[in-house]
Number of protein chains: 2
Amino acid sequence: MIHNATIDQQVNHRSIRKFKDQQLTEEQLTTLYTVFQHTATSLFMQNATLLHITNETKRAKIRELCGQKYVGAQGDLFIFVVDLYRNQQIRRQLGKDDGRLHTTDIFFQGLDDTLLAWQNVANAVESMGLGYVPLGTINDHPLAMLDILDLPKLTFPALGMQVGVPDQEPQLKPRLPLEFTTFENEYPRDFAVDSLKDYDQVVTTYYDLRDTNKRIDSFTKQITGEKLNTKAIDRDELPELLHKQELCLDWKLN
Amino acid sequence: MIHNATIDQQVNHRSIRKFKDQQLTEEQLTTLYTVFQHTATSLFMQNATLLHITNETKRAKIRELCGQKYVGAQGDLFIFVVDLYRNQQIRRQLGKDDGRLHTTDIFFQGLDDTLLAWQNVANAVESMGLGYVPLGTINDHPLAMLDILDLPKLTFPALGMQVGVPDQEPQLKPRLPLEFTTFENEYPRDFAVDSLKDYDQVVTTYYDLRDTNKRIDSFTKQITGEKLNTKAIDRDELPELLHKQELCLDWKLN
């Protein structure tokens, strides 16, 4: 195992859900924006936009939709947006049609740009001694969130991030051993759930020992449980949201 | 602007397309895998898998489909795969149905996991003094690529990466100024293409000065040109590929 400042921080990553009541400085913000800006981008299209939400009313509404008390509370709230609107404007104002902007292909390239920029910013955050938590919950109620963010067509809020000065020190969460997630040349189809027995035990022990939020669930128990069981939730508005935004129009809605 | 080893490397990122004829060491590989493993994951579902392609026949076939001579040539080739197959196996072998695995929602969460892991690995690569180039071209011919990779249902090869010891020193590519990509609270709809005049000049000068591959294209000229113009290409097989993989089944094909 190789060690340096970047890698040591990456392999010790843990999400922070409790922050000190302190905002990022202008210098910290500019640094994060510059890292965002320099992320690799598909076909040099630069399809990502970063929203910094500082307005208290807006933060409260987003927090309510996300259903997590730390969203838009202490620290700084960011929304990473797939943005094909800017390039549409360039094309239209220069007399061109929208071309391929409404295809799944170009949307996925925008999603690449946006999510790579997300992780790049995340690593910069931790390198400054700050912490973050990913906010997938910004898509718990996609249509309602779009109203709050008031985004134009051809944009899609992909993932949020709450950033701040950590006010907790969570334990490192045990991940699937590499033998289950990294393969050479061939994807093995002979996965046997029995092989997860040891890992299940490690995860159970982790929950047993951690200070807060006692829940004793093995990995396989979580995967066979509520989070993947069939249910009717607003997250299934995603295709409708994308079509409302005129994205992925080479697909039909059910 | 804040400086540290991680950030200085991020804001100086450039893609490397020429590598020395040298493979990664076992220690470098293990380190990259460990970074991959510790990336944030949505709902702790761990929906990402990393394929390392070392087989020469397979590398040649992938190179041909990608149409870029550096793919699978010098250095190491990785394919980052959205993987819901593993969790399907866990559920089925423990007597459960597939639940929400075929929804767009869960697929997008898998895409989050996979693309965040991609950028995390990318940052680790550069921290070791190595370089990389993103391979979006693995989706230039989606159905043919699926045949070569021979992946099970409920998986999707999202993005590739060629990694190695740099054998070139490209110039830093000028990005859109922050005023166009980072906003506070409101997304401004009043974008005017004229405001890109200075940036267009910077991009033109960059192409004019760079050593290789002389092409003098402003940013707006690129966006109004071939890369976004309407055309019939295999990349539009993406919806068909996803359905073949039983992903996003809450959408219909056109």
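Within every chain, numbering begins at 1; the chains are lettered A, B, ... in the order of the sequence lines, protein sequences first and strands thereafter. Remember, it's a predicted structure, so these values are computed and weren't measured experimentally. Any value given below was found using the heavy atoms of this structure, including those in side chains, with hydrogens, waters and symmetry copies removed.
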Sorted by chain and number, sequence neighbours left out, side chain to side chain contact (heavy atoms under 4.5 Å, CB included) with B/E184 holds for A/T54

Counting only heavy atoms not in A/E179, do more than 12 fall under 6.0 Å of its CD?
yes

Of A/G136, A/A192, A/A117, the largest count of non-hydrogen pairs under 4.5 angstrom with chain B goes to A/A192

Could you walk me through whether B/I79 and A/Y187 pass the side chain to side chain contact (heavy atoms under 4.5 Å, CB included) test, one step at a time? CA-CA 11 Å; B/I79 311 280; A/Y187 187 103; over 6 Å; no

Counting only N and O atoms by type, is there a donor-acceptor contact under 3.5 Å from the side chain of A/D113 to the main-chain atoms of A/T41?
no

One pair to check against side chain to side chain contact (heavy atoms under 4.5 Å, CB included): B/Y207 and B/K173. What are the steps and the verdict? CA-CA 9 Å; B/Y207 284 117; B/K173 203 164 177 178; 3.4 Å; yes

Comparing B/L101, B/D98, B/N229 against chain A, the one with the most heavy-atom pairs below 4.5 Å turns out to be B/N229

In terms of heavy-atom pairs under 4.5 Å with chain B, the winner among A/L253, A/L149, A/D250, A/L43 is A/D250

Under 4.5 Å to a heavy atom of chain B? For A/L77 that would be neither

Comparing A/Q119, A/E186, A/M128 against chain B, the one with the most heavy-atom pairs below 4.5 Å turns out to be A/Q119

Among residues 81-96 of chain A, those lying within the under-4.5 Å heavy-atom range of chain B are A/D83, A/Y85, A/R86, A/N87, A/Q89, A/I90, A/R91, A/Q93, A/L94, A/K96

Honestly, the part of A/P239 sitting under 4.5 Å from a heavy atom of chain B is both

On a heavy-atom basis, the closest approach of A/E27 and B/M1 is OE2-O, 3.2 Å

- Side chains of B/Q109 and B/D105: donor-acceptor distance under 3.5 Å anywhere? yes

Kindly state whether the ring of B/W118 and the ring of B/Y132 have centres lying under 6.0 angstrom apart.
yes

Okay, side chain of B/T137, backbone of B/D140: is any donor-acceptor separation there less than 3.5 Å?
no

Cut-off 4.5 Å, heavy atoms of chain B, and the answer for A/L238 is side chain

Interatomic distance, CZ@A/R175 vs OH@A/Y199, rounded to 0.5 Å, equals 7.5 Å

Looking only at A/A158, A/A5, A/A40, most heavy-atom pairs under 4.5 Å shared with chain B are made by A/A40

Bottom line for A/P177: the part with an atom under 4.5 Å from chain B's heavy atoms is backbone

Of B/F219, B/Y33, B/F36, B/W251, the largest count of non-hydrogen pairs under 4.5 angstrom with chain A goes to B/W251

Check: With no hydrogens and no angle check, is any side-chain donor or acceptor of B/D76 less than 3.5 Å from a backbone partner on B/L24?
Finding: yes

Scored by heavy-atom pairs under 4.5 Å with chain B, the best of A/L32, A/N185, A/L50 is A/N185

ring-ring contact (aromatic ring centres under 6.0 Å, His included) filter on B/H52, not counting sequence neighbours, yields B/F78

Note: vs chain B, highest number of non-hydrogen pairs under 4.5 angstrom among A/D194, A/L242, A/T114 is A/L242

For this session: Taking A/T182 for its side chain and A/L178 for its backbone only, find out whether a donor-acceptor pair lies under 3.5 Å.
Result: yes

Minimal heavy-atom distance between B/P157 and B/I138, with the atoms involved, is O-CD1, 3.7 Å

Okay, B/P134 and chain A: the region with an atom under 4.5 Å from a heavy atom over there is side chain

Assert top hit (heavy-atom pairs under 4.5 Å, partner chain A, pool B/R59, B/E126, B/K231, B/R14) equals B/K231

Bottom line for A/L159: the part with an atom under 4.5 Å from chain B's heavy atoms is side chain

Honestly, the part of A/A48 sitting under 4.5 Å from a heavy atom of chain B is backbone

Turns out that what part of A/E26 lies under 4.5 Å from chain B's heavy atoms comes down to neither

Sequence neighbours excluded, the answer for ring-ring contact (aromatic ring centres under 6.0 Å, His included) partners of B/H38 is none

When the 4.5 angstrom heavy-atom criterion is applied to A/D150 and chain B, the contacting part is both

Assert top hit (heavy-atom pairs under 4.5 Å, partner chain A, pool B/T104, B/T49, B/L111) equals B/T49

Under a 4.5 Å cut-off applied to non-hydrogen side-chain atoms, are B/S42 and B/F108 in contact? no

If one checks every heavy atom of B/F80 against chain A at 4.5 Å, the contacting part turns out to be neither

* Whether A/Q222 side chain and B/M45 backbone form a donor-acceptor pair below 3.5 Å -> no

Honestly, the part of A/H3 sitting under 4.5 Å from a heavy atom of chain B is neither

One option among B/T103, B/T30, B/I106, B/D112 has the most heavy-atom pairs under 4.5 Å with chain A, and it is B/D112

Cut-off 4.5 Å, heavy atoms of chain B, and the answer for A/Q28 is both

Checklist entry - Is A/R100 salt-bridged to B/D236, cutoff N-O under 4.0 Å? => result yes

Assert top hit (heavy-atom pairs under 4.5 Å, partner chain A, pool B/D97, B/T230, B/L29, B/T25) equals B/T230

Turns out that what part of B/Q9 lies under 4.5 Å from chain A's heavy atoms comes down to side chain

If one checks every heavy atom of B/N4 against chain A at 4.5 Å, the contacting part turns out to be side chain

In this structure, CG of A/L135 is separated from CD1 of A/I62 (nearest 0.5 Å) by 9.5 Å

